[in-house]
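These values consider heavy atoms only, across backbone and side chains, with no hydrogens, waters or symmetry-generated copies. Order of the sequence lines fixes the chain letters, A, B, ..., with proteins taken first and strands second; residue numbering starts at 1 for each chain.
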Amino acid sequence: MNRPSIFITTAIDYTNAPPHLGHAYEKILADCYARHYRQRGKAVFFLTGVDQHGQKVQQAASRAGIPPASYASQITELFRQLWQKLDISYDGWAETTHPTHKKVVQNILSQLLNQNDLYKAEHSGFYSVRQEQFLTDKERNEKGEFGPEWGEVIELVEENWYFRLSNYRQWLASFLDNHPDCVFPPFRSVELRNAINKTSGDLCISRPKSRLSWGIEFPFDNSFVTYVWFDALINYISFAGFRSDDPSEVSSFWSRWPALHIIGKDILVPAHGIYWLTMLKAIGFSDDQMPSFLVHGYINIAGEKMSKTLGNVVDPFRLSENYGAGALRYYLMAECICGQDMDFSTERLTLRYNSELANGLGNLLNRTANMVRRYRNGTLIRPPSPTPQANSLISQAIQTWQSVAASMDAFKPQEAIASIFSLVDSANKFAEAESPWKLAKDPTQSHRLDSALWAMALTSLHAASLLSPFLPNETQKIAAQLQSPLLTYSNHSSSQQDCFQFAEPQPVFPRIETNTTS
RNA sequence: GCCAAAGUAGCUCAGCGGUAGAGCAAGGGACUCAUAAGCCCUGGGUCGGGGGUUCGAAUCCCUCCUUUGGCACCA
């Protein structure tokens with residue numbers, strides 16, 4: 001990540017149902033990356049949003065008895081509220097019903113038609129009237145039949161538009177062979193590579209209006225709307241300035257691109273790994289303009305996949321009300337091995353919050369603040385030559401910045417957090433070793449007392465600054481208590497800080513009491 | 001079925017050829033600046049089973065077992 005600008009996207013969420021914890025995890029992950037790279041002085045463009053078109057939205061809307069547009073905008077509002085609650089600092093917001101997006105999608109369709117990448121063909125197959133979709137052999141049960149869950153199944157002949165994906169399959173295979181690091185974690189890259197071999201044929205990118213009207217109309221054939229995936233994937237470029245009428249938008253697009261797409265494991269194959277990459281190739285993106293993917297896992301509840309049918313869907317609104325957005329953000333980032341599934345439990349959340357944030361960092365700050373107020377009237381002046389012990393703690397703090405950056409670049413946020421807390425541990429051990437409360441009793445130890453308190457205060461500031469991408473709100477409160485701005489990558493080692501003026505000590509991370517039933 | 005990933009202390013995971021590790025949880029101790037927080041000490045897990053390579057394997061190879069995921073038109 002040596003580029004001066006970073007373009008981060010998340011999947012755009014489908015507006016057929018309210019957000020759940022999995023949606024929240026992905027946005028929190030992306031937000032932590034966006035904030036981390038901003039702290040490193042990069043020009044970050046963080047794009048997220050919602051996917052509003054398609055069959056499922058149309059169905060959900062008709063069940064609710066309202067037009068698809070109203071239904072989509074109601075759900076969209078819920079997502080926006082959640083992101084606000086969780087402090088998601090996105091720079092761009094994608095809504096696929098937006099006219100700008102529609103224009104780019106239609107522009108691309110026309111381009112592909114002109115370069116002979118599209119064709120119209122007839123397809124016949126089994127169609128479920130109830131589910132409003134074509135069925136494949138995958139949907140057959142053990143007896144080779146389509147079960148009752150599909151309702152009436154008829155054979156249907158339909159004309160549609162196809163994208164000549166097969167023209168690009170070979171290119172995609174060799175691209176992935178030459179760029180295996182395009183997908184993280186590595187085994188997902190293998191999975192994608194293997195999937196290409198097993199696929200054949202082209203991609204159907206239209207739906208006849210007779211059965212689906214909620215979509216972007218084909219510019220050259222108004223009896224069809226665009227298949228949702230083809231529509232949705234384009235958000236990554238349409239909302240970033242690609243093919244904008246404003247030339248400065250276009251040039252900022254090219255300074256941002258290529259993107260890091262943060263997505264869930266369920267939509268790598270085929271949507272992003274196959275459709276999106278071949279679409280980009282067809283549109284004219286070169287090999288070194290291809291995006292990369294950070295593929296995360298699922299959040300399970302007691303070992304089981306979250307699903308509406310199991311009735312174990314966790315509501316992120318309620319979680320952030322009960323525990324606070326910070327606690328939720330912290331727990332998800334500290335606990336999850338990026339790329340793997342994780343098991344969610346409020347017990348673990350409470351445990352980690354209490355032991356690391358409350359007892360670790362919170363208490364470090366609080367004990368420091370109290371001693372500075374008690375022994376130094378709340379004002380701490382930088383000692384001209386701190387003791388070697390104090391210097392050693394401070395230099396560990398400075399070194400931690402590098403390890404955090406390295407861990408983040410390696411897509412290991414949990415490792416980054418671990419190294420921040422190893423610094424906090426060192427500071428608490430340092431406090432025991434120096435015992436400022438003993439030094440305070442001996443006037444001849446005044447310099448050593450100043451050094452110790454200084455090192456503790458400065459380390460608290462370093463730890464809070466390093467933690468700020470994960471806990472933007474709470475770390476601001478720490479900064480307020482220290483009455484000092486948070487540090488960044490450009491000033492952390494040469495901070496001009498020469499005084500701490502402590503505000504009234506107040507627990508930033510009050511312990512979550514557990515004896516009450518949750 | 002095919003292709004992958006994982007199986008290490010109660011829990012979450014690190015180690016990936018050289019005498020089994022971390023954090024949390026559990027037990028004990030000394031202290032008091034602090035959100036009864038922090039600090040110190042302790043805990044002995046056949047590293048999924050079996051076989052092989054090697055002076056030596058959690059670490060390489062084979063095989064079996066268990067769990068999870070992907071295998072295009074549903075987003």
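For A:Tyr236 and A:His272, the ring centers sit closer than 6.0 Å to each other. Taking the six-membered ring wherever Trp is involved, the centroid distance between the rings of A:Trp161 and A:Tyr227 does not fall below 6.0 Å.
Here A:Tyr227 reaches the OP1 or OP2 of B:A75: one of its side-chain N or O atoms lies under 4.0 Å away.
Within the shown strands, nothing qualifies as a pairing partner of B:A37 under the Watson-Crick or G-U definition with both distances less than 3.5 Å. With both pairing distances under 3.5 Å, B:A58 is matched to nothing as a Watson-Crick or G-U wobble pair. Judged by Watson-Crick or G-U wobble contacts below 3.5 Å, the nucleotide B:G7 has B:C65 as its partner. Nucleotide B:A14: unpaired (no Watson-Crick or G-U wobble partner with both distances less than 3.5 Å).
Look at the P atom in both B:U54 and B:U12: the space between them is 38 Å, to the nearest Å. Nucleotides B:C13 and B:A30 are separated by 37 Å at their P atoms, to the nearest Å. Taking atom P on both B:C2 and B:A58, the two are 31 Å apart, rounded to the nearest angstrom. Comparing B:G15 with B:A9, their C1' atoms are spaced 14 Å from each other, to the whole Å. Comparing the same atom, C1', in B:G7 and in B:U46 gives a spacing of 15 Å after rounding to whole Å. Distance check on atom P: B:A22 versus B:G43 gives 10 Å, rounded to whole Å. Using C1' as the reference atom, B:G44 and B:G27 are 15 Å apart when rounded to the nearest Å. Taking atom C1' on both B:G52 and B:U59, the two are 15 Å apart, rounded to the nearest angstrom.
Comparing B:C73, B:C71, B:A34 against the side chain of A:Val269 picks out B:C71 as the nearest. Among the nucleotides B:C73, B:A34, B:A4, the one closest to the side chain of A:Arg374 is B:A34. Checked against B:C71, B:A37, B:G70, the side chain of A:Arg511 finds its nearest nucleotide in B:A37. When the nucleotides B:A4, B:C71, B:C73 are ranked by their closest atom to the side chain of A:Val190, B:A4 comes out on top. Comparing B:G69, B:G23, B:U35 by their closest approach to the side chain of A:Glu356 singles out B:G23.
Heavy-atom nearest nucleotides on RNA chain B were determined for A:Leu357 and for A:Leu351, and the one closer to the 5' end corresponds to A:Leu351. In this structure, A:Pro507 and A:Asp51 both approach RNA chain B, and ranking their closest nucleotides by distance from the 5' end singles out A:Pro507.
Remark: A:Lys209 is not positioned above the aromatic ring of A:Phe224, lacking an NZ or CZ atom under 6.0 angstrom from the ring centre and at most 45 degrees off the axis.
Distance A:Met371 CE to B:C33 C1': 4 Å, rounded to the nearest Å. Spacing between atom CG of A:Leu453 and atom P of B:C33 amounts to 13 Å, rounded to whole angstrom units. Here B:C13 presents its P atom at 9 Å from CZ of A:Arg348, a figure rounded to the nearest Å. Whole-Å rounding puts the A:Trp229 CH2 to B:C73 P distance at 13 Å. Counting to the nearest Å, the P atom of B:A37 and the CD1 atom of A:Ile512 are 13 Å from each other. For the pair A:Leu212 CG and B:C74 C1', the interatomic distance rounds to 12 Å; values are reported in whole Å. Between the P atom of B:C71 and the CZ atom of A:Phe187 lies a distance of 13 Å, rounded to the nearest Å. Here B:C33 presents its C1' atom at 6 Å from CH2 of A:Trp437, a figure rounded to the nearest Å.
Taking both residues in full, the closest heavy atoms of A:Pro413 and A:Cys338 are given as CD-CB, 4.0 Å, listed atom of the first, atom of the second, then distance. The heavy-atom pair separating A:Ala463 from A:Ile420 by the smallest distance is O-CG2, 3.9 Å. When all heavy atoms of A:Ser407 and A:Glu415 are compared, the closest pair comes out as OG-OE1, 2.8 Å. Contact between A:Pro19 and A:Leu78 at its shortest, heavy atoms only, is CD-CB, 4.0 Å.
Contacts classified as salt bridge (charged side-chain N to carboxylate O under 4.0 Å, His left out) and involving residues 419-433 of chain A (residues at least two apart or in different chains) are given here: A:Arg367-A:Glu432.
Base engagement by A:Arg169 is indicated by at least one non-hydrogen atom pair under 4.0 Å involving a base atom. Within the 4.0 angstrom heavy-atom criterion, no nucleotide atom of any strand lies near A:Gly54. The residue A:Tyr275 sits close to a base: some heavy atom pair falls under 4.0 Å. Nucleic acid contact for A:Ala358: base, since at least one base atom lies under 4.0 Å from a heavy atom of the residue. The residue A:Asn194 sits close only to the backbone: its heavy atoms come under 4.0 Å of sugar-phosphate atoms, none of a base. At a threshold of 4.0 angstrom between heavy atoms, the contacts of A:Asp202 include nucleobase atoms, whether or not backbone atoms are also involved.
Residues A:Thr346 and A:Tyr331 form no side-chain contact, since every pair of their non-hydrogen atoms from C-beta on lies 4.5 Å or further apart.
Using a cut-off of 4.0 Å between Lys/Arg side-chain N and Asp/Glu carboxylate O, A:Asp341 and A:Lys265 are scored as salt-bridged.
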List every contact pair, protein side and nucleotides 38-40 of chain B side both N or O, where the distance is under 3.5 Å.
| residue | atom | partner | partner atom | Å |
| --- | --- | --- | --- | --- |
| B:G38 | O2' | A:Arg367 | NH1 | 3.0 |
| B:G38 | O2' | A:Glu432 | OE2 | 3.1 |
| B:G38 | N2 | A:Glu432 | OE1 | 3.4 |
| B:G38 | N3 | A:Glu432 | OE2 | 3.4 |

